[in-house]
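When reading the values below, keep in mind they use all heavy atoms of this one structure, side chains included, and skip hydrogens, waters and symmetry mates.
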Amino acid sequence: SKRKDMYMKVFLSNSMRLMFVVSVALIALAALEWAAQFLGFSIIGPWYTAGRLLEIAATPLIYVVAVLLREIRDELRAGRK
């Protein structure tokens with residue numbers, strides 16, 4: 001139904017925004033951690049390195065890219081009909 005599709009679009013849009021913000025925050029934290037380690041100390045302690053934070057940030061970004069590609073595919077299919 002159209003109502004169900006609308007709710008799904010709103011959910012996907014909000015989840016993509018949230019995942020993007022989380023990824024950007026983790027990338028910023030990774031950059032700060034890298035700079036801090038360069039100066040000889042650490043912001044987040046021994047738990048995660050800057051590289052590991054970048055790996056963690058990539059996961060939500062993959063989700064965002066996948067959903068965007070799905071939306072593009074759906075728009076292209078709708079344009080053909």
Atom CZ of Arg73: over 12 foreign heavy atoms under 6.0 Å: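 Enclosed: over 12 neighbouring heavy atoms sit under 6.0 Å from CZ of Arg73.
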Met8 atom CE, over 12 foreign heavy atoms within 6.0 Å: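 Check fails, neighbour count at 12 or below.
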[atom1]/[X] to [atom2]/[Y] distance, rounded to the nearest 0.5 angstrom?
| X | Y | atom1 | atom2 | answer |
| --- | --- | --- | --- | --- |
| Tyr63 | Leu18 | OH | CG | 9.5 Å |
| Leu32 | Ile43 | CG | CD1 | 4.5 Å |
| Phe20 | Ser15 | CZ | OG | 14.0 Å |
| Gln37 | Thr49 | CD | OG1 | 6.5 Å |
| Ser23 | Ile62 | OG | CD1 | 9.5 Å |
| Leu54 | Thr59 | CG | OG1 | 11.0 Å |

If hydrophobic clusters are built by linking Ile, Leu, Val, Met, Phe, Trp and Tyr wherever their side-chain heavy atoms come under 4.5 Å apart, do [X] and [Y] end up in the same one?
| X | Y | answer |
| --- | --- | --- |
| Ile44 | Trp34 | no |
| Phe11 | Met16 | yes |
| Phe38 | Phe41 | yes |

Minimum heavy-atom distance between Gly45 and Glu33, given as atom pair plus value: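 For Gly45 versus Glu33, the nearest heavy atoms are O-OE2, 4.4 Å.
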Non-hydrogen atoms of Ser42 and Ala36 that approach each other most closely: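 Scanning both residues, the minimum pair turns out to be CA-CB, 4.4 Å.
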Can you check whether [X] reaches [Y] side chain to side chain, under 4.5 Å on heavy atoms?
| X | Y | value |
| --- | --- | --- |
| Leu29 | Tyr48 | no |
| Ser13 | Lys9 | no |
| Arg70 | Leu12 | yes |
| Ile27 | Leu61 | yes |

